[in-house]
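By convention here, the first residue in the shown sequence is residue 1.
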Amino acid sequence: MHIAPHDNHNKPIVDADDPTVPLNYFNIVKLTQDQSFDYQVPGYETCIVPATGTVDVDVEGVGFAALGNRGVDVWDGEPEGVYVPVGAKARITCTSAATEVFIAGARYDKVLAPFDVRVAELDKVQYGSDDTKTHRKIKHILGQQQHDKVGRLLVSELFTVGQGGWSGFPAHKHDTDNLPHETRHDETYNFRFRPNHGSGVQILQREEGKPGDAYQLMDGSTICIDKGYHPCAVMPGYEMYYFTILGGLSQRSLVQYFQPTHAYQIETIPGIKDMVAKFK
């Protein structure tokens, strides 16, 4: 499902118990200096990630100061995050001139401890190649390094390297709990482009051998993926970014099932096996 770019007025874009991706939660919060935003999501663990600007975060009296270091856009610096336990009260206060903050969430039933993830603790991986039109970089905010401190939530930022090309290829899905071959993980993306008048396309093929759907992506588009194979592409001449939320049904570690038609191409794309191993 495609949700077109719009001013959400700090209200969830993907709320708790969403009918398409019930395992996910997603909000975008925009504040100016000294403004605060309070939230609490019963039944969901969340992660606060400034897209731009700097914020102070308070989680039930535990403070995390000066989170976020990016200026004009998501390419202008490295991400940082704060993990907020299930149902906890959190306050975000803008300390820069302005901020845009992503709040990612996944359904979970246990209360863990809050913590922050700074630049030095990011888990980065780069894979693909210019020749195969699959070159991209992933920055895991809640990734493998945080596995023992998080319930079911995975949060990452994905960047195309260079201009134009494919992401999420070979096509894969993760809509069925069928261990050890596949896990059920709902997934939500928010896209950005550089320059921001760029565009891309999201494919969603729900059944092997049958035509699926394609959605035109604009700067600020949100995609909710509940089922099917889902590669995406960016037009030549533009860079693409997408904020990625994964919420697992029965476990945190993601097991992708590659589309049989294209699975042999795993062997043609440099570093893809290392990329797969990081979603744990």
Side-chain angles (χ1 to χ4, degrees), residues 1-3 12-26 41-47 83-87 104-112 123 125 138 140-156 158 167-190 202-210 212-213 222-232 242-266 272-280:
M1 181 180 70
H2 177 238
I3 301 171
I13 294 172
V14 178
D15 209 345
D17 299 318
D18 181 85
T20 302
V21 283
L23 303 179
N24 289 170
Y25 175 90
F26 177 52
V41 191
Y44 288 74
E45 56 185 348
T46 59
C47 182
Y83 174 81
V84 179
V86 172
R107 184 182 285 172
Y108 194 51
D109 58 0
K110 297 178 182 178
V111 177
L112 305 175
D123 199 356
V125 60
I138 305 175
H140 293 281
I141 301 157
L142 293 184
Q144 195 171 31
Q145 291 190 41
Q146 292 77 34
H147 184 75
D148 293 334
K149 299 192 287 185
V150 181
R152 301 276 168 76
L153 179 61
L154 291 148
V155 179
S156 306
L158 291 84
S167 189
F169 188 83
H172 62 274
K173 71 181 186 76
H174 37 74
D175 55 36
T176 305
D177 258 352
N178 182 29
L179 289 169
H181 308 291
E182 182 181 0
T183 54
R184 158 78 186 278
H185 278 71
D186 289 352
E187 189 163 29
T188 298
Y189 301 143
N190 186 262
Q202 174 74 62
I203 293 173
L204 186 55
Q205 185 183 13
R206 291 177 177 84
E207 293 185 54
E208 173 80 21
K210 295 184 179 181
D213 298 314
T222 298
I223 290 286
C224 299
I225 298 170
D226 59 337
K227 181 180 180 181
Y229 304 102
H230 48 275
C232 55
Y242 51 113
F243 183 73
T244 302
I245 305 165
L246 282 160
L249 177 65
S250 61
Q251 67 175 45
R252 182 169 186 264
S253 295
L254 173 70
V255 181
Q256 304 172 21
Y257 178 78
F258 286 95
Q259 189 169 8
T261 308
H262 307 295
Y264 72 95
Q265 294 209 45
I266 293 172
I272 195 165
K273 293 179 182 178
D274 291 336
M275 179 276 293
V276 171
K278 291 290 186 180
F279 284 96
K280 302 295 183 186

For Leu142 and Lys149, run side chain to side chain contact (heavy atoms under 4.5 Å, CB included): C-alpha distance rounded to whole Å, both residues' side-chain angles, the deciding distance at 0.1 Å, then the answer.
CA-CA 9 Å; Leu142 293 184; Lys149 299 192 287 185; over 6 Å; no

Once you round to the nearest 0.5 Å, how far does CZ of Arg152 lie from CG of Leu246?
13.5 Å

If you round to the nearest 0.5 Å, how far is NZ of Lys227 from CG of Asp186?
13.0 Å

Could you walk me through whether Leu154 and His185 pass the side chain to side chain contact (heavy atoms under 4.5 Å, CB included) check?
CA-CA 10 Å; Leu154 291 148; His185 278 71; 4.2 Å; yes

Just grab all the salt bridge (Lys or Arg N to Asp or Glu O under 4.0 Å) pairs involving residues 171-181, residues at least two apart or on different chains.
Lys173-Asp175, Lys173-Glu182

Sorted by chain and number, sequence neighbours left out, side chain to side chain donor-acceptor pair (under 3.5 Å) with Lys210 holds for Glu207

Test item: Val21 and Ile225 side chains (from C-beta on) under 4.5 Å apart, heavy atoms
no

Asp17 and Arg107: CA distance, side-chain angles, deciding distance, side chain to side chain contact (heavy atoms under 4.5 Å, CB included) verdict:
CA-CA 9 Å; Asp17 299 318; Arg107 184 182 285 172; 2.7 Å; yes

Parallel, tilted or perpendicular, as decided by the 30° and 60° cut-offs, for the rings of His230 and Tyr189
tilted

Residue from Thr20, Asn24, Asp226 passing side chain to side chain donor-acceptor pair (under 3.5 Å) with Thr188:
Asn24

Side chain proximity check, Cys224 to Ile3, heavy atoms < 4.5 angstrom
yes

So do the side chains of Leu153 and Tyr108 get within less than 4.5 Å of each other, counting heavy atoms only?
no

Taking C-beta and beyond as the side chain, do Leu23 and Leu249 meet within less than 4.5 Å on heavy atoms?
yes

Taking all non-hydrogen atoms of both residues, which atom of Gly105 and which atom of Tyr44 are closest, and how far apart?
C-CD2, 4.4 Å

Please name all residues satisfying side chain to side chain donor-acceptor pair (under 3.5 Å) with Ser167, sequence neighbours left out, ordered by chain then number.
Arg136, Tyr242

Tightest non-hydrogen contact, residues Tyr229 and Ala171, listed as CB-CB, 3.9 Å

Pairwise side-chain contact, Thr176 with Arg184, heavy-atom cut-off 4.5 Å (strictly under):
no

Establish, from distance only, whether the side-chain atoms of Thr183 and His174 form a donor-acceptor pair under 3.5 Å.
no

